[in-house]
There are 2 protein chains.
Amino acid sequence: MSNNQFKRGELYSVINGMASTAVARRLQKNFRQAGLEITIEQWSVLYHLWKEDCLSQQELCNRTFRDKPSITRLIDNLEKQKLVRRMASKSDRRINLVCLTESARELQERTIDLANQTMNEALLGISREEIDTVKQVLQKVYDNLV
Amino acid sequence: MSNNQFKRGELYSVINGMASTAVARRLQKNFRQAGLEITIEQWSVLYHLWKEDCLSQQELCNRTFRDKPSITRLIDNLEKQKLVRRMASKSDRRINLVCLTESARELQERTIDLANQTMNEALLGISREEIDTVKQVLQKVYDNLV
DNA sequence: TTTGAATAGTTGCATAGCTAACTATATGTC
DNA sequence: GACATATAGTTAGCTATGCAACTATTCAAA
């Protein structure tokens, strides 16, 4: 095994472990401390619905990079907490449209600052150019494999 | 919510979802296709033991960015598959040293090519400088939060 | 119009993640 | 030496992930 190859292994390790779990854990911790009983995964689904409401479950799969069973159960849990509702699509009876409730919109207000504060901390001392490079590289990695 | 802040949200989304899950899924798929019944999480523990054998569980927590219960159960499962053994430390009876078995060393030979091939595919068209930038940025993100 | 393929979603099963609470051992201070 | 504190590891309970197999609906081609 060449040195170069092990260095690529390290990159894998870094991508997969350090930064993403650190950001997720910090945000989750901030939610908990604010008394918000929501998981980071549930928040990430709501995040996409706040940008565009009433998406199909399949569309949520695409946007959150999760598979269908994961989204099914995340929506189950969000429905239990009355944060979303499944609505039958008129045009295609196979489709569930996932729509926000009023509570979810209130939750958006309460999580904006926490999320921004967490990202500000996470990105401290990192330049716009560096961020752009990271986004481009991770997009390339994704496109290379999917 | 300013435009700039939502762009930071996108970065979070990218770090957390796309690239890391794409790499993990591809590697897992390659293992399965090669008839290797090992999860990507188990492999990541072995990866650190191949670099340095007989680490304590706590040290494996540090190196894999997992918490203690997660490592406990990963080691449980690796022990069931007879890939590692827990050995009591002579100097500190609180400590379990996790040591590789002969089967695990054979497994290393069989997974090297798969891992390298996956990383080659993942990193196609990405320069050394870009990789270095990504590593530095993700390290900074980690240091900012932990 | 029927049949077969594709798509949307659910369920069962196994693994993994995090928190909190727990046991056992080690260490430092009086 | 005794006691408080810290550290290593385990267990329980919940949530989440991924795959495979399943149902229901849509669509297109014979």
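- Note on B/Arg66: a side-chain N or O is less than 4.0 Å away from OP1 or OP2 of C/dG17.
- Of the residues in residues 84-95 of chain B, those placing a heavy atom less than 4.0 Å from an atom of DNA chain D are B/Arg86, B/Arg94, B/Ile95, in numerical order.
- Comparing A/Lys29 and B/Gln42 along DNA chain C, the residue whose closest nucleotide (by nearest heavy atom) sits nearer the 5' end is B/Gln42.
- Sorted by first and then second residue, the disulfide bond (SG atoms under 2.5 Å apart) pairs with a member in residues 86-146 of chain B read B/Cys54-B/Cys99; sequence neighbours excluded.
- Counting to the nearest Å, the C1' atom of C/dT11 and the CD1 atom of A/Ile75 are 16 Å from each other.
- Between chain A and DNA chain D, the heavy-atom contact criterion of under 4.0 Å yields a 5' to 3' nucleotide range of D/dT15 to D/dT26.
- Counting to the nearest Å, the P atom of C/dT7 and the NZ atom of A/Lys68 are 9 Å from each other.
- Using a 4.5 Å cut-off between side-chain heavy atoms of Ile, Leu, Val, Met, Phe, Trp and Tyr, with links allowed through other members, B/Trp50 and B/Leu36 fall into the same hydrophobic cluster.
- Each salt bridge (Lys or Arg N to Asp or Glu O under 4.0 Å) pair with one or both residues in residues 23-41 of chain B, not counting sequence neighbours, appears once here: B/Arg26-B/Glu121.
- Taking for each of A/Leu97 and A/Gln28 the nucleotide of DNA chain C with the nearest heavy atom, the 5'-most of the two is the partner of A/Leu97.
- Residue pairs meeting the salt bridge (Lys or Arg N to Asp or Glu O under 4.0 Å) criterion with at least one partner in residues 104-116 of chain B, sequence neighbours excluded, are B/Asp53-B/Arg105, B/Glu102-B/Arg105.
- Taking side-chain N and O atoms only, A/Gln57 has a distance below 4.0 Å to OP1 or OP2 of C/dT10.
- Rounded to whole Å, the distance from CZ on A/Arg63 to C1' on C/dA8 is 16 Å.
- Partners of B/Arg86 under the salt bridge (Lys or Arg N to Asp or Glu O under 4.0 Å) rule, at least two apart in sequence or in another chain, are B/Asp76, B/Glu79.
- In this structure, a donor-acceptor pair under 3.5 Å is absent between the side chains of B/Asp92 and B/Ser89.
- Along DNA chain D, the nucleotide closest to A/Pro69 and the one closest to A/Glu41 are compared, and the more 5′ of them pairs with A/Glu41.
- Rounded to whole angstrom, the span from the CG atom of B/Asn96 across to the P atom of C/dT25 amounts to 12 Å.
- Look at CZ on A/Arg73: it is 14 Å from C1' on C/dA16, rounded to the nearest Å.
- Side chains of A/Ser44 and A/Arg66: a donor-acceptor N/O pair is present below 3.5 angstrom, by distance only.
- Proximity of A/Thr39 to the phosphate of C/dC18: no side-chain N or O atom is located under 4.0 Å from OP1 or OP2.
- Rounded to whole Å, atom C1' of C/dC18 lies 13 Å from atom CG of B/Leu74.
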When you look at A/Asn77 and A/Gln81, which way does the side chain to side chain donor-acceptor pair (under 3.5 Å) test go after all the steps?
CA-CA 6 Å; A/Asn77 287 334; A/Gln81 298 173 266; over 6 Å; no
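- Between the side chains of B/Asn62 and B/Gln58, at least one donor N or O sits under 3.5 Å from an acceptor N or O.
- Proximity of A/Gln58 to the phosphate of C/dA8: a side-chain N or O atom is located under 4.0 Å from OP1 or OP2.
- The shortest side-chain heavy-atom distance between B/Val134 and B/Glu130 does not fall under the 4.5 Å cut-off.
- B/Asn77 places its CG atom 13 Å from the C1' atom of C/dG17, with the value rounded to the nearest Å.
- Residue contacts for B/Arg25: at a heavy-atom cut-off of 4.0 Å it reaches the sugar-phosphate backbone alone, with no base atom in range.
- The interatomic distance linking A/Asp76 (CG) with C/dG12 (P) rounds to 12 Å, in whole Å.
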